[in-house]
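So the structure is just underneath, and the comments pick up after that.
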Amino acid sequence: MQTSSTEHQTAPTPVVHDVHTEHADHDFTYLIVFVALAALTGLELLATYVPAIKIPLLIGFAAAKAMLVVAFYMHLRWEKRILPMIFAAPVIIGILVALALQQLVMR
Amino acid sequence: MNGRTLLRLILVSIGLLLAGLFVGATNQFMPTAASAEAQPIDALFNFMLVIATIIFLIVEGALLYSIIRFRKKPGDETDGPPIHGNTALELVWTAIPAVIVLGLSLYSFQVFADMQNDKDGTLVLHVKGQQFVWSFDYPHDPNVKLLSSSELHLPINVPIRMEIESADVMHGFWVPEFRIKQDAVPGRITEARFTPTLLGEYNVVCSELCGSGHGLMHNKVVVQSQADYDKFVTSLIEPEAQQPAPGEHNAAWGKHLILSNEYGCGGCHYLPDAGIAGQVGPTWVALADRAAGRVADEDAKTYLVNSILYPNKYVVSGYPANVMPQNFGQRMSDTDLNSIVDYLLQQTANPTANGTPAAKSP
Amino acid sequence: MATTTVPAVPLTSAALHQRRQWIKYFTWSLDHKVIGIQYLVTAFTFFLIGGILAMLIRVNLLTPDSGLFIDTATYNAVFSMHGTIMIFLFVIPVFVGFGNYFVPLMIGAKDMAFPWLNAFAFWLIPPAGLLLLAGWIVGPPGAGWTAYFPLSGPVYSHADGQTLWALALHLLGISSIMGAMNFLVTVKNLRVPSMTWFRLPLFVWAMMATAIIVLLATPFLSGALTLMLFDRLAGTNIFNPATGGDPLLWPNVFWFYSHPAVYIMVLPGMGMLSEVLPVFSRKPVFGYRAIAFSSMGIAVLGFVVWGHHMFTTLAPWTRIPFMVTSMIIAVPTGIKIFGWVGTVWRGKIRFTASMMFALGFLSLFVIGGITGVILASVPVDLQAHGTYFVVAHLHFVLFGGSVFAIMAGAYYWFPKITGRFLNERLGKVHFWLTYVGFLLSFLPMHISGLYGMPRRVAVYDPKFQAINILTSFGAFILGIGQLPFFINAAVSAVSGEVAPPNPWNALGLEWTTSSPPPEHNCDGDPVAAPDPYGYGTPMAVAYLAGERNMDVLLASGGHAAPHFAEQPAGGDR
Amino acid sequence: MAQEALHDTNLVAPVAGTIPHEAAHSAHASGVDHAAIGVDNRKTGIWLFLVSEVMFFTVLIAANMLARWRNPEPHEILNIPLTAVNTFVLLTSSFTVVRAFSALQKNNRTSFLRNLFLSMILGITFVSIQAIEYHNLSTEGLTLSANLFGSTFFALTGFHGTHVIIGIIWLTRTFIKGFNGGFSPTDTWGVELAGLYWHFVDIVWILLFVIVYLI
Ligand code: HEA
Ligand code: HEA
Ligand code: CUA
Ligand SMILES: [Cu+2]
């Protein structure tokens, strides 16, 4: 998969082994991420005690947690660009549609 | 581009434009325009037709020309010229349609926005759709009771706002001559705005699939003078004395339910006594005489009750099954059911059994 | 230079020798070509069933009263089944079939990326079809192919057929999603290494755009059907307004799937057109990149127009954005249409049956597209929605568009698939009956629709009878017109004229192998050329003139690829 | 090959043909043969699958959000402390899955199997707690058909639970294969795929916890 579609004349790179198979040691990162996830969960629970701003806070925390898992546990951070792009599409469309549906159906 | 080509191009363009205008101006695709909204919509439609005709002729013309001009000559095995594209041309045929559709959007928006405007002196009417009939309610003095009507009467040149609701599934309120269509959605009230401008009788047609009787779901619309309209609304007033109270086995209440179109019976059945004139289902005139013995071992009463609750098992031969709603068992209270049946049992050919048949012509 | 030559004639007969036994097509096979044929045959069978239902519709509408069906509910069931079968069991699978057969061949792969998944996706289709048809036994679905709530809910559709409908569509959706994953991975990873994005044939581009749509939109259908099944089977009330649910959720979710789905139903056909038109006008396709990108543009725009099916349902002001986006889709579609006209222009057109269907597509799809733009205008749609105008629009784009493209593709690729030609004369009979019958049956619908005839009615105002008789008459011609095709295909597959590997002098990769291709698709590993097509290049001219002399080729084109000479001679027809 | 050097796309014949095998690019892709290239296929495949899963859950989430607009109250009976514990359980299981994966890469088989086993147990814990939660809710009157919130709540969390169960089965299969000596630092794909699926299910829960329970 070539990284840029503008290189018309270059052949697609025949399967390169992915970075993480080269035994980069991420153990410590994984641990940090886990701690962060747990901490964010705690913050979420705390946020419910401030009803005034809890909704943006909660959404922010959940998004951060989801992003941490996708980026580190699912290795997207270390993947070639195409995979993050593939995964971003439904997330963006999904959010927009879910919101649009609220609008359309509530009227 | 030499002069000759330019001239040809201009001539072709003028020809296309004329053809488009001709179709736009002479087409008879739309029915009579009977509302204030119909004129701008027709104008918009005709304008789109002009553009559509031109685009159509360009594409089909180029195709036909190619088919005739560029067909392979016998024995010619060569290829066409190696043209892979032409950026300028491609830009042109991207840009022109883009401009056209943006223009059409703006124009359509303009027409639509005008339709949605609040207008002074708007008359608010209420319409309820149910399988498979419309019923209409008119604004009135709160001290009197008004029956629902199965005909829509409208005063001419008065802006109307229909409040539309549905008792069961989705229906579509549509009067082709008004160019107005709005779905009736169960659980909410939707609106349609229009101003009738032409005296006459039209049809309100159901435009959203609502079950087996969908094609049968249409009621009459009458656009009339304000005076006639007022007279009509007055005729709907139910005299105080005749207003029955809901009661078990109360034939008067049953008649009231039918008169007021509560369950939509009048959409299909015919019974002048109750002011209904449907043509789809079996007539109710002298029904009591026929009810007994229709089904072996069932007296008239049982037969009528079962016909209402299980219409599909009691289809009168020659009439379509599945048209009558099958959910009266859930929708109709026992009080209402018994009262209606009692009223129906009074419908015999011999009028003495039934008091004065006060036929009310709609 | 050339070390392996592929002698044309011997290979052909050899290929015919090893014709796969018919029984193989009824078994679990992992070969993408077998699966492709399985898809095609299944889909055409459903075309027949759906078509016969259409004939029943037309017989019924000969008279304004309920006519053929005493029971109007049966009529509702007939058109619901007709629409569902044509869309979900004919058009969508038939394109998957063509894609299955030709995408690997066109990109030089030996098979699809996941052969097992491929077979599994196919084998979901026959049971789904049977489930749907079983509706006739338990009480058929009658809520239209759109199945709006509450009509399709448990209260108003007791018949179990509606549940089976949802289950069948669920299976078909899952099958589509698996197919789409397979296509995307296949094109991304399995194409010949030298084949860059802009060396892909346009059909492959179209299949990719389609697969992207399927992947993003079809799960929405699955989700909606899941909720529908909950409502019908588990006593929930998600769409039931009587208990707090919302009937508008269904049409929104359904159309969020189904509008993109109409492009699932036409983009592959457009890709096929981009293959067929250049070959028979002997000219390169006009504006390769524009056509490739417009597929993607349509795919993206298709996701933001769903509201245009609900102009009479949605709150007034929310209709406007959908109107604008719907209209904008005319732009990328126009790019394609004009590109194809540009391809034909100044060509040397050969009127094969395939080409006639392709030209038929062009002439009819334009009408359907323009009526689409007319429908996209909110005020006009207030008149046209729910009428025969919409029925006319949808048949112009689906029959005049998709089905004509399918036929063009069928005549074009039949020799590659079976090694034999379809009979051209019968093909032309097929074309003319279809074309004339089509116009007779579907043009008048525009008028009756605008004039006030609602769709989905068994009983209609007698003032429309004349137009309906004309329409039915046209439909019968159209129906009878399909007979030659089915007969042709059945007869030609066994005893048609034997086809060489490259019967049409086409220059795509799929034509470089034998007809039908060997099980491993081609000998050796293919190498992609720098341009997917190139009619009219000096090189191609020389080639087509039968000039295989390398010096001439080099002189004319500059860089002769060694494999050029290996291409089997095309039988000039 | 000569073709690679071509620049003049317009003039060159477009023909593709067959060339001898030795001359072809070595890494030619063959569909049936996973070993040559297939790993990448499967990974792309599972990501595409997850794409469709996102869209599927979008419908269910949107329906649940709508139910909340309609009548906000019923959600008060949800047991937040219990689900918070459950959230923690699922997060931990994700952590153990990446640990397993990383251990396998370092060829630490004990750690690999132990972490995989832990993940299974955590998954089972999650489903069990969810079962308890369902039981409590139904005794309090929130059932699938009680009201709109109930319908969408159970549809949504139920489908998530189903995914967790599928994930547990997948992890178990992976574990058994690993236990029998399968996988190695050069053959990690089976573990990675199961992991990707598991993390995705975790992400869905992260969102559900906030959208359904906390907001
Ligand atoms: C293959 C299937 C297919 C395709 C390709 C399309 C294409 C389009 N459709 Fe259609 N449509 C259906 C299948 C399809 N449709 C079906 C099945 C229904 C009915 C569903 C049901 O209710 O049962 C429907 C219904 C439907 C409606 C709803 C009508 C209603 O129920 O009220 C609308 C409204 O906007 C619409 C619009 C469009 C538009 C704008 C396009 C555009 O994509 C068209 C673009 C193409 C062109 C415009 C032609 C070529 C362009 C040019 C030559 C350039 C110049 C042109 C201009 C500047 C105008 N369609
Ligand atoms: C790809 C899609 C597709 C195709 C190809 C067709 C093909 C045809 N369609 Fe259909 N149609 C739809 C998709 C399609 N349709 C959809 C989505 C709807 C909306 C459904 C809904 O409202 O829910 C619809 C609705 C619809 C209606 C409106 C029903 C109503 O609203 O009340 C009508 C009415 O005339 C109709 C007619 C036809 C006809 C005559 C054909 C013909 O072209 C068929 C020709 C083919 C054959 C006949 C089969 C092969 C022929 C033979 C084997 C020969 C022998 C047979 C005989 C001559 C009897 N269709
Ligand atoms: Cu009411 Cu159709
Ligand atoms: Cu659409």
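Protein chains get the first letters and strands the later ones, always in sequence-line order, with residue 1 at the start of each. Every heavy atom of this structure was used, including side-chain atoms; hydrogens, water molecules and symmetry mates were not. Source: prediction; values computed, not measured.
Looking only at heavy-atom pairs under 4.5 Å with chain B, the residue among C:Ile320, C:Val324, C:Val373, C:Asp461 that has the most is C:Ile320. Per-residue heavy-atom pair counts under 4.5 Å with chain C were compared for B:Leu64, B:Val175, B:Val169, and the maximum is reached by B:Val169. The residue among B:Gly215, B:Ala184, B:Ser105 with the most heavy atom pairs within less than 4.5 Å of chain C is B:Ser105. Chain B forms the most heavy-atom pairs under 4.5 Å with one residue out of C:Val378, C:Thr371, C:Ile447, C:Ile374, and that residue is C:Ile374. Of the listed residues (B:Ala38, B:Ala62, B:Gly85), the greatest number of heavy-atom pairs within a distance under 4.5 Å of chain C belongs to B:Gly85. Most heavy-atom pairs under 4.5 Å with chain C, from the set B:Asn86, B:Ile55, B:Leu102, B:Thr190: that is B:Asn86. Contacts with chain B were tallied for C:Val341, C:Val366, C:Leu382, C:Val331; C:Leu382 has the most, counting heavy-atom pairs under 4.5 Å. Between chain C and the options B:Ile41, B:Thr87, B:Asp168, heavy-atom pairs under 4.5 Å are most frequent for B:Asp168. Comparing C:Ile349, C:Val457, C:Asp381, C:Thr146 by how many heavy-atom pairs each has under 4.5 Å with chain B, the most go to C:Ile349. Heavy-atom pairs under 4.5 Å with chain C were tallied for B:Ile67, B:Leu49, B:Thr32, B:Ile58; the largest tally goes to B:Ile67. Among C:Met355, C:His446, C:His385, C:Met310, the residue with the largest count of heavy-atom pairs under 4.5 Å with chain B is C:His385. Here C:Pro316 is the residue among C:Gly334, C:Gly153, C:Pro247, C:Pro316 with the most heavy-atom pairs under 4.5 Å with chain B.
When all heavy atoms are compared, the tightest approach of B:Glu90 to C:Gly287 is OE2-CA, 3.4 Å. Contact record, C:Pro150 with B:Pro186: CG-CG, 3.7 Å, taken as the closest heavy-atom pair. Here the shortest heavy-atom pairing between C:Ile370 and B:Ala52 reads CG2-CB, 3.3 Å. Between B:Lys181 and C:Thr387, the shortest heavy-atom contact is NZ-CG2, 3.9 Å. Minimum heavy-atom separation, C:Gln383 to B:Met30: CG-SD, 3.8 Å.
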Let's go through B:Tyr65 and C:Trp345 carefully: what are the C-alpha distance in whole Å and the side-chain angles of both, what is the deciding distance for side-chain contact (heavy atoms from CB on, under 4.5 Å) to 0.1 Å, and is it a yes or a no?
CA-CA 8 Å; B:Tyr65 184 81; C:Trp345 191 263; 3.3 Å; yes
Quick one, C:Val344 with B:Ser66, criterion side-chain contact (heavy atoms from CB on, under 4.5 Å). Give me CA distance, side-chain angles, the key distance, then yes/no.
CA-CA 7 Å; C:Val344 180; B:Ser66 306; 3.6 Å; yes
Applying side-chain contact (heavy atoms from CB on, under 4.5 Å) to B:Trp93 and C:Ile337, what does each step give before you reach the verdict?
CA-CA 10 Å; B:Trp93 69 45; C:Ile337 299 270; over 6 Å; no
Report the C-alpha separation of C:Arg455 and B:Leu209 in whole Å, then their side-chain angles, then the decisive distance to 0.1 Å, and conclude whether the side-chain contact (heavy atoms from CB on, under 4.5 Å) test is met.
CA-CA 8 Å; C:Arg455 60 191 282 208; B:Leu209 177 63; over 6 Å; no
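For chain B, no part of C:Asn240 is nearby; none of its heavy atoms comes within less than 4.5 Å. For C:Met453, the part lying under 4.5 angstrom from a heavy atom of chain B is the backbone only. Both the backbone and the side chain of B:Gln182 have a heavy atom closer than 4.5 Å to some heavy atom of chain C. Contacts between B:Asp42 and chain C at a heavy-atom distance below 4.5 Å are absent for every atom of the residue. Heavy-atom distances place the side chain of C:Phe79, and not its backbone, under 4.5 Å from chain B. Contacts of C:Phe149 with chain B are made by backbone atoms alone, with heavy-atom separations under 4.5 Å and no side-chain atom involved. In this structure, the portion of C:Tyr148 lying under 4.5 Å from any heavy atom of chain B is its side chain and not its backbone. Residue C:Pro379 touches chain B through both its backbone and its side chain, counting heavy-atom pairs closer than 4.5 Å. With a 4.5 angstrom heavy-atom cutoff, B:Met170 touches chain C via backbone and side-chain atoms both. Proximity to chain B is absent for every atom of C:Ala376, based on heavy atoms less than 4.5 angstrom apart.
C:Ser377 is listed as a side-chain neighbour of B:Leu44, based on a closest heavy-atom distance under 4.5 Å. Annotation: side chain of C:Tyr156 is in contact with side chain of B:Gln131 (closest heavy-atom distance under 4.5 Å). Counting heavy atoms from C-beta on, the side chains of B:Trp174 and C:Thr312 never come closer than 4.5 Å. At least one side-chain heavy atom of C:Phe338 sits under 4.5 Å from a side-chain heavy atom of B:Pro97. Looking at heavy atoms from C-beta onward, B:Lys72 lies out of side-chain contact with C:Phe351 at the 4.5 angstrom threshold.
In this model, no donor atom of one side chain and acceptor atom of the other lie less than 3.5 Å apart for C:Trp317 and B:Gln116.
The main-chain N or O of C:Asn76 is never found under 3.5 Å from a side-chain atom of B:His214 such that the two would form a donor-acceptor pair.
The pair C:Asp246-B:Arg188 meets the salt-bridge criterion, with a side-chain N (NZ, NE, NH1 or NH2) lying under 4.0 Å from an Asp/Glu carboxylate O.
Here B:Cys210 contributes atom SG and C:Arg456 contributes atom CZ; the two are 11.0 Å apart, rounded to the nearest 0.5 Å. Annotation: the span from C:Ser363 atom OG to B:Phe56 atom CZ amounts to 8.0 Å, rounded to 0.5 Å.
With respect to B:Phe70, the side chain to side chain contact (heavy atoms under 4.5 Å, CB included) criterion is satisfied by exactly one of C:Lys348, C:Arg282, C:Arg346: C:Arg346.
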